[in-house]
Amino acid sequence: MNHLCSKNIHLVVRLKDKRMHIVKDAEGLFSRQVPAKTWREDKSSTTHLDISAWDEEQFNSWDGMKKPLRVVKIVESRYGYAIVGGKRQEAIERHEILVATTLSKNEAPPELIREIIHRRWEIENTGYHELKGNWNMGHCFIHQEVAFQVSFCGFMFFGGQSFLAFPVTETGAAMLTVVLAPER
């Protein structure tokens with residue numbers, strides 16, 4: 001991650017390990033605060049999401065990370081209905097997401113961070129499932145900088161090859177998009 005930051009590439013990382021110092025620090029801080037932002041998204045006439053976001057910068061407690069990070073906590077409460085025992089009942093589903101990023105509050109509001117992390121799920125649910133299920137590729141745990149660079153270059157190479165395999169036509173083209181956001 002330090003290597004990517006040194007190349008002015010922004011990071012948006014889902015924090016899952018509750019044992020990490022940055023997670024403990026953020027959760028401790030956010031437990032004493034009201035959300036920085038709340039909003040509602042209507043999904044249908046009977047379903048809506050209430051979303052709360054806590055948002056703080058300058059976390060230095062990620063072991064080994066040289067650059068301070070911003071942490072955003074997002075809590076989504078989905079209100080709808082479920083059929084239980086043959087009867088329709090109101091149902092509430094709550095989901096918490098903790099994200100670390102190098103993007104500042106000015107560069108990306110909590111709504112954008114939430115959208116980025118949801119897009120990450122789409123990539124996992126489609127792309128990685130395709131690689132594991134149809135191409136027999138196992139999960140790869142990479143922790144060394146050089147190994148990450150080799151893997152990234154390999155994915156870029158195969159992505160470029162897919163463009164050669166599927167030429168652009170007047171009606172459209174197969175497209176692989178890799179977005180790297182350089183620091184402004």
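Please read all numbers here as calculations on a predicted model, not as lab measurements.
Scanning both residues, Ser61 and Ile22, for their nearest heavy atoms gives OG-CA, 3.2 Å. The nearest pair of heavy atoms linking Ala100 to Trp62 is CB-CZ3, 4.1 Å. Leu15 approaches Val99 most closely through the heavy-atom pair CD1-C, 4.1 Å.
The distance from the CG atom of Asp25 to the CG atom of Leu29 is 8.5 Å, given to the nearest 0.5 Å. To the nearest 0.5 Å, atoms CZ (Arg40) and CG (Leu49) are separated by 9.5 Å. Rounding to the nearest 0.5 Å gives a distance of 10.5 Å between CD of Gln33 and NZ of Lys73. Note: Ile51 CD1 to Arg114 CZ = 3.5 Å, rounded to the nearest 0.5 Å. For the atom pair CD (Gln89) and CD1 (Ile83), the distance works out to 8.5 Å, reported to the nearest 0.5 Å.
Counting heavy atoms from C-beta outward, Phe30 and Leu98 have side chains that approach closer than 4.5 Å. For the pair His118 and Ile116, the minimum side-chain heavy-atom distance is 4.5 Å or more. Between Phe59 and Val23, the closest side-chain pair of non-hydrogen atoms is not below 4.5 Å. Under the 4.5 Å side-chain criterion, counting only non-hydrogen atoms from C-beta, Ile74 is not in contact with Glu96. Counting heavy atoms from C-beta on, the side chains of Cys5 and Met65 come closer than 4.5 Å.
Other residues, nucleotides and ligands contribute at most 12 non-hydrogen atoms within 6.0 Å of the CZ atom of Arg119.
In this structure, the side chain of Ser31 engages the main chain of Gly28 through a donor-acceptor pair within 3.5 Å. The backbone N or O of Gly80 lies less than 3.5 Å from no partner atom in the side chain of Thr46, so there is not a single donor-acceptor pair. Between the side chain of Trp54 and the main chain of Ala36, no donor-acceptor pair closer than 3.5 Å is present. Judged purely by atom type and a 3.5 angstrom limit, Glu27 has no side-chain atom pairing as donor or acceptor with the backbone of Lys24. Checking side-chain atoms of Asp17 against main-chain N and O of Arg19 turns up a donor-acceptor pair under 3.5 Å.
Note: His48 and Tyr79 have parallel aromatic rings, judged against thresholds of 30 and 60 degrees for the angle between ring planes.
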(message) Pair Glu111, Lys37 - check side chain to side chain contact (heavy atoms under 4.5 Å, CB included), show working.
(response) CA-CA 9 Å; Glu111 298 93 338; Lys37 185 156 196 179; 2.4 Å; yes
(request) Go through the steps to decide whether Leu4 and Asn2 satisfy the test side chain to side chain contact (heavy atoms under 4.5 Å, CB included), and finish with yes or no. (result) CA-CA 5 Å; Leu4 294 174; Asn2 285 318; over 6 Å; no
(request) Determine, stepwise, if the pair Ile113 / Ile117 fulfils side chain to side chain contact (heavy atoms under 4.5 Å, CB included). (result) CA-CA 6 Å; Ile113 297 297; Ile117 213 67; 5.6 Å; no
(request) Would you sort out whether Glu107 and His10 count as a side chain to side chain contact (heavy atoms under 4.5 Å, CB included), showing the intermediate values? (result) CA-CA 11 Å; Glu107 293 170 310; His10 283 295; 3.6 Å; yes
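Between the side chains of Asp50 and Ser77, no donor N or O sits under 3.5 Å from an acceptor N or O.
Taking the charged nitrogens against the carboxylate oxygens, Arg70 and Asp55 do have a contact shorter than 4.0 Å, which makes a salt bridge. Classification of Glu76 and Arg78 as a salt-bridged pair fails, no side-chain N sitting under 4.0 Å from a carboxylate O.
A chain of hydrophobic side-chain contacts below 4.5 Å, direct or via other Ile, Leu, Val, Met, Phe, Trp or Tyr residues, connects Val13 to Ile9.
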